[in-house]
Amino acid sequence: MTMNRNERFIITINREIGSGGRTVGRILAERLNVKYYDKALIQGLTEKFGLDIEEIERLKAQEKKEPSWWQEFNDYYKKLFNTADNKPKPTTAAMFETEQKILKSLAEKESCVIAGRSTFLIFREWKNRVNVFLQASLEHRIERLMSKRGLRYEDALDIIESVDEGREAYIKKYSDRSRYDTRNYDLIISMDMLKEEDAADIIMEYIKRTDKQH
C-alpha cells in the first residue's frame with residue numbers, strides 16, 4: 001500500500017496489549033503533525049451507552065463464552081448504572097457499528113493516526129492509508145505491563161491472555177480473518193528490541209519510501 005501525504009490519509013496502529021502501541025501512535029502523530037485518536041473513540045461509546053473502558057473490554061471479552069453471557073451482563077449493567085428498561089442496552093454488534101461510524105467520521109475530516117479498536121478491519125477498503133501491527137514476545141509484554149501498571153507477573157499474564165482471546169473473538173465475529181493474519185497489515189514490527197521512538201522511526205521511513213510524492 002502506498003500513501004500520499006499531500007492528501008487526507010490515515011495510519012492505523014494495531015497492537016498486542018503490552019507492546020506500546022498507544023505510545024507509538026502518539027509519537028507518530030506528533031511527527032506527522034496530525035491528530036491522534038484513541039480515547040476519543042472510547043468517549044464516543046461512553047456517551048452513547050454509559051459504559052466505561054473496563055465495561056467495554058469486558059463486553060468484548062465475553063464473545064468467547066456461551067450465548068447466556070448477555071443476561072449476566074445485562075443484570076450487571078442495570079445494577080451498576082441503575083438503568084431503566086427503556087434505555088439503550090449495548091450489544092457488540094451495536095458497538096462495532098458505532099466504532100465504525102465514529103472512526104470513519106474522524107478520518108473523513110482530516111488526516112490522523114488511530115490506535116487499535118479494529119482499525120485494520122474498519123479501514124481495509126480505505127485507499128490512502130497504512131495499517132501497522134505492533135507485536136512482542138509474551139515476556140516483553142508481561143514486563144511492560146508490570147512496569148507500567150505495577151502488576152504482579154500472574155496478574156499481567158492473566159490480563160494479556162484475556163484481552164488477546166477477547167479481541168481475537170471480537171474480530172472473527174465481524175470478519176473472516178484473524179487479527180494475527182499478516183495480510184491485514186502493510187507493516188509489522190516486533191517491539192522486543194525497540195523503544196517506542198524506534199518504532200516510530202521505522203514507520204516514518206516506511207511512509208517516506210512508499211509515499212507517491214517521494
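Numbers for residues simply follow the sequence, beginning at 1.
At a threshold of 4.5 Å between non-hydrogen side-chain atoms, the residues His140 and Glu143 do not count as touching. With contacts defined as side-chain heavy-atom distances shorter than 4.5 Å, the pair Gln135/Ile188 qualifies. No side-chain heavy atom of Val132 sits under 4.5 Å from any side-chain heavy atom of Tyr206. Asp198 has its side chain out of reach of Met193: every pair of non-hydrogen atoms, C-beta onward, lies at least 4.5 Å apart. Here the side chains of Glu30 and Tyr36 are not in contact, with every heavy-atom distance at 4.5 Å or above. Between Val24 and Ile189 there is no side-chain heavy-atom pair separated by less than 4.5 Å. Inter-residue side-chain proximity for Ile102 and Tyr37 is flagged as unmet; no heavy-atom pair is nearer than 4.5 Å. Here the side chains of Leu121 and Gln100 are not in contact, with every heavy-atom distance at 4.5 Å or above.
Taking CG of Leu134 as the start and CD of Glu196 as the end, the distance is 9.5 Å to the nearest 0.5 Å. Put simply, SG on Cys112 and CG on Leu28 are 11.0 Å apart, with the number rounded to the nearest 0.5 Å. Here NZ of Lys127 is found 10.5 Å from CD of Glu7. Values are rounded to the nearest 0.5 Å. The structure places CG of Leu103 at 4.5 Å from CD1 of Ile122, a figure rounded to the nearest 0.5 Å. Remark: Arg129 CZ to Ser111 OG distance equals 14.5 Å, nearest 0.5 Å. Note that CZ of Arg22 is 13.0 Å distant from CD1 of Ile13, once rounded to the nearest 0.5 Å.
Ile207 and Ile27 sit in two unconnected hydrophobic clusters of ILVMFWY residues. Membership requires side-chain heavy atoms under 4.5 Å apart, directly or through other members.
Electrostatic pairing of Arg26 and Asp38 does not count as a salt bridge here, judged by no charged N lying under 4.0 Å from a carboxylate O. Using a cut-off of 4.0 Å between Lys/Arg side-chain N and Asp/Glu carboxylate O, Arg144 and Glu16 are scored as not salt-bridged.
Shown here for Arg5 and Lys208, the closest heavy-atom pair between the two residues is NH2-CA, 4.2 Å. Taking both residues in full, the closest heavy atoms of Ser178 and Lys172 are given as CB-CE, 4.1 Å, listed atom of the first, atom of the second, then distance. Closest of all the heavy-atom pairs between Ala199 and Met191 is CB-SD, 3.6 Å.
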Where do Met3 and Asn128 land on the side-chain contact (heavy atoms from CB on, under 4.5 Å) test, with the steps shown first? CA-CA 5 Å; Met3 192 183 81; Asn128 199 28; 3.3 Å; yes
Test Arg31 against Glu197 for side-chain contact (heavy atoms from CB on, under 4.5 Å), laying out the working first. CA-CA 10 Å; Arg31 294 188 183 182; Glu197 292 80 2; 3.9 Å; yes
Could you give me the CA-CA distance, side-chain angles and deciding distance for Ile114 and Phe123, then say whether side-chain contact (heavy atoms from CB on, under 4.5 Å) is met? CA-CA 11 Å; Ile114 302 181; Phe123 292 102; 4.2 Å; yes
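Between the side chain of Glu168 and the backbone N or O of Arg179 there is at least one donor-acceptor pair closer than 3.5 Å. Checking side-chain atoms of Ser175 against main-chain N and O of Ile171 turns up a donor-acceptor pair under 3.5 Å.
For residues 176-195, the set of pairs meeting the ring pair (Phe, Tyr, Trp, His ring centres under 6.0 Å) definition, not counting sequence neighbours, comprises Phe120-Tyr185, Phe133-Tyr185.
Paired with Asn14 under the rule side-chain hydrogen bond (donor to acceptor under 3.5 Å, both in side chains), one option of Asn184, Asn131, Thr119 passes, and it is Thr119.
With sequence neighbours left out, the side-chain hydrogen bond (donor to acceptor under 3.5 Å, both in side chains) criterion links Ser147 to no other residue.
When hydrophobic side chains of Ile, Leu, Val, Met, Phe, Trp and Tyr are connected at separations under 4.5 Å, Tyr153 ends up clustered with Ile17, Leu138, Ile142, Leu145, Met146, Leu151, Leu157, Ile159, Ile160, Val163.
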